[in-house]
Asks: 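Dumping the structure here so I can ask a few things about it.
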Amino acid sequence: MSMRTLAVISRKGGAGKTTLSTSLAVSAWRAGLKAILVDLDPQRSAALWGRTRATPAPAVVSTTAGKLFPVWSAAENAGCDLMLLDTPAGGEDEALQAVRLADLCLLVCRPNVFDVDALQQSLGLVQRQGKPHLVVLNQAPPRRLGQESEVVGRAIADLQAQGARLAETGLRHRAAFPAAAAGGISVEEIDPDRPAAREVAGVWAQVWKLLQASRTAPAPRRPAPPRFKPREVGMPLGA
Ligand SMILES: Nc1ncnc2c1ncn2[C@@H]1O[C@H](COP(=O)(O)OP(=O)(O)O)[C@@H](O)[C@H]1O
Ligand SMILES: [Mg+2]
């Protein structure tokens with residue numbers, strides 16, 4: 001199977017792009033996939049996470065929008081199964097190049113009016129490039145007495161009205177996320193049975209299923225190795 005590419009996008013800082021991209025990179029690696037996490041954010045938070053991490057996998061590399069395509073091609077040729085692109089909130093070029101290469105765009109959104117409003121911009125970018133997307137609600141407040149809070153209900157309704165496709169699983173605001181980030185690990189590596197880990201596993205299951213079913217990125221040019229007949233092509237093979 002050819003390499004799949006996931007772009008993690010949000011035009012709001014702090015929404016949870018790096019949290020999701022590092023977490024999903026670990027989910028992929030735990031599933032036995034060869035995953036590479038590419039940090040396109042000049043703040044290099046994913047790279048910091050990678051340096052903090054004791055385990056060398058998944059691979060984390062930093063690059064810029066202009067150099068992304070060669071990095072992507074090299075990973076594909078090296079037999080990677082999945083590339084995750086962590087993008088900055090502000091940079092137009094990084095988000096655009098990430099979306100162009102993506103088979104699926106994961107839009108991260110907190111349940112508040114500003115994030116929900118800003119999601120339109122990301123959705124427009126993704127749709128103009130003809131790419132499928134999935135919106136993950138992150139940092140959702142806990143249920144109270146079994147009831148979803150009003151902000152979550154409103155965010156879901158507004159996102160659906162924008163034509164957004166919501167992920168089956170969202171992430172709640174949980175202390176395990178910053179704790180894992182500080183240790184260069186994923187919440188799944190703290191305890192796979194705890195709620196934060198189950199949420200990440202839920203997002204991963206849906207993301208990987210969609211990625212396996214889709215391939216929209218340009219197929220890299222991989223010409224068949226030439227079978228030279230030296231005399232025909234006039235190769236200088238010596239006297
Ligand atoms: N579900 C969550 N629960 C608690 N804290 C979170 C959650 N998601 C992200 N955070 C924290 O919020 C901050 C911003 O998240 P980050 O992933 O860096 O956002 P972004 O990459 O979109 O700027 C980090 O400190 C991170 O640990
Ligand atoms: Mg980030």
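As the structure lists them, so they are numbered: ligands from 1, and atoms in each ligand from 1.
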Asks: Which heavy atom of the protein is the closest neighbour of atom 5 (N) of ligand 1, given with residue, atom name and distance?
Replies: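 Result: P178 CD, 3.5 Å.
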Asks: Looking only at distance, does F177 have an N or O less than 3.5 Å from an N or O of ligand 1?
Replies: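 Between F177 and ligand 1, no N or O pair is found under 3.5 Å apart.
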Asks: Any idea which heavy atoms bring T169 and V203 closest together, and the distance?
Replies: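 So the two residues come closest at O-CG2, 3.5 Å.
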Asks: I need the nearest protein heavy-atom contact for atom 13 (C) of ligand 1: residue, atom name and distance, please.
Replies: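 Residue, atom and distance for the closest contact: G14 O, 4.6 Å.
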Asks: Is A15 in contact with ligand 1, taking contact as a heavy-atom separation below 4.0 Å?
Replies: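 Yes, A15 has heavy atoms under 4.0 Å from ligand 1.
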Asks: Can you give me the closest heavy-atom contact between V108 and S10, atom names plus distance?
Replies: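 Closest heavy-atom pair between V108 and S10: O-CB, 3.2 Å.
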Asks: Find the distance between OG (S2) and CG (D103) and round it off to the nearest 0.5 Å.
Replies: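 It comes to 7.5 Å.
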Asks: Under the 4.0 Å line, does any protein heavy atom show up next to atom 1 (N) of ligand 1?
Replies: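 Given the 4.0 Å cut-off, atom 1 (N) of ligand 1 counts as touching protein heavy atoms.
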Asks: Examine all N, O or S atoms of T18, backbone included, and report whether one is under 2.8 Å from the Mg ion (ligand 2).
Replies: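 True for T18.
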Asks: Which atoms of ligand 1 sit under 4.0 Å from any heavy atom of R172?
Replies: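 Counting from 1, the qualifying ligand atoms are 1 (N), 2 (C), 3 (N).
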Asks: Note the single closest protein heavy atom to atom 3 (N) of ligand 1, along with its residue, its atom name and the distance in Å.
Replies: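 Of every protein heavy atom, R174 N, 2.9 Å lies nearest to atom 3 (N) of ligand 1.
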Asks: Any heavy atom of S10 closer to ligand 1 than 4.0 angstrom?
Replies: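 Distance cut 4.0 Å: S10 fails for ligand 1.
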Asks: Report yes or no: does a heavy atom of S45 sit under 4.0 Å from some atom of ligand 1?
Replies: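 No; S45 lies far enough from ligand 1 that no heavy-atom distance drops under 4.0 Å.
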Asks: According to side chain to side chain donor-acceptor pair (under 3.5 Å), does anything in residues 47-69 pair up with another residue at least two apart or in another chain? List the pairs.
Replies: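 Residue pairs with at least one partner in residues 47-69: R53-E189.
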Asks: Minimum heavy-atom separation for L104 to L211, with atom names?
Replies: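 Here L104 and L211 meet closest at CB-CD2, 3.6 Å.
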Asks: I'd like to know if Q43 contacts ligand 1, where contact means a heavy-atom distance under 4.0 Å to any ligand atom.
Replies: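 No.
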Asks: What do we get for Q139 next to ligand 1 when only non-hydrogen atoms under 4.0 Å count, side chain, backbone, both or neither?
Replies: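 Within the 4.0 Å criterion, Q139 contacts ligand 1 through backbone and side-chain atoms alike.
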Asks: In the complex you have, is atom 24 (C) of ligand 1 within reach of the protein, judged by whether a heavy-atom distance drops under 4.0 Å?
Replies: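 Within 4.0 Å: no protein heavy atom nearby.
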Asks: Please give me the minimum heavy-atom distance between V200 and E188, naming the atom from each residue.
Replies: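 Answer, listing the atom of V200 first, then E188: CG1-OE1, 3.8 Å.
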Asks: Would a 4.0 Å cut-off, counted as strictly less than, catch a protein heavy atom around atom 9 (C) of ligand 1?
Replies: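 Protein heavy atom within 4.0 Å of atom 9 (C) of ligand 1: present.
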Asks: Could you tell me whether a side-chain N or O of R110 sits under 3.5 Å from a main-chain N or O of G14, the two making a donor and an acceptor?
Replies: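 A pair under 3.5 Å: yes.
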Asks: Return the closest protein heavy atom for atom 17 (O) of ligand 1 as residue, atom name and distance.
Replies: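 Looking only at protein heavy atoms, the one closest to atom 17 (O) of ligand 1 is T19 OG1, 2.6 Å.
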Asks: Determine whether the side chain, the backbone, both or neither of D41 has a heavy atom under 4.0 Å from any heavy atom of ligand 1.
Replies: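 D41 to ligand 1: no contact under 4.0 Å from either part.
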Asks: Inspect the contact between E168 and K209 and indicate whether a charged nitrogen and a carboxylate oxygen are less than 4.0 angstrom apart.
Replies: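 Answer for the salt bridge query: no.
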Asks: Check for a donor-acceptor pair, side chain of H133 on one end and backbone N or O of A164 on the other, with a separation under 3.5 Å.
Replies: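 Side chain of H133 to backbone of A164, a donor-acceptor pair under 3.5 Å: no, none is there.
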Asks: Using distance alone, determine whether T18 and ligand 1 share an N or O pair under 3.5 Å.
Replies: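 By distance alone, the answer is yes.
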Asks: Does an N or O from G16, backbone or side chain, lie closer than 3.5 Å to an N or O of ligand 1?
Replies: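 Yes, at least one N or O pair falls under 3.5 Å.
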Asks: What distance do E199 atom CD and L171 atom CG have between them, rounded to the nearest 0.5 Å?
Replies: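 One finds 5.5 Å between CD of E199 and CG of L171.
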Asks: Under a 3.5 Å distance rule, please check whether R198 uses its side chain to pair with a backbone N or O of D193 as donor and acceptor.
Replies: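 Yes.
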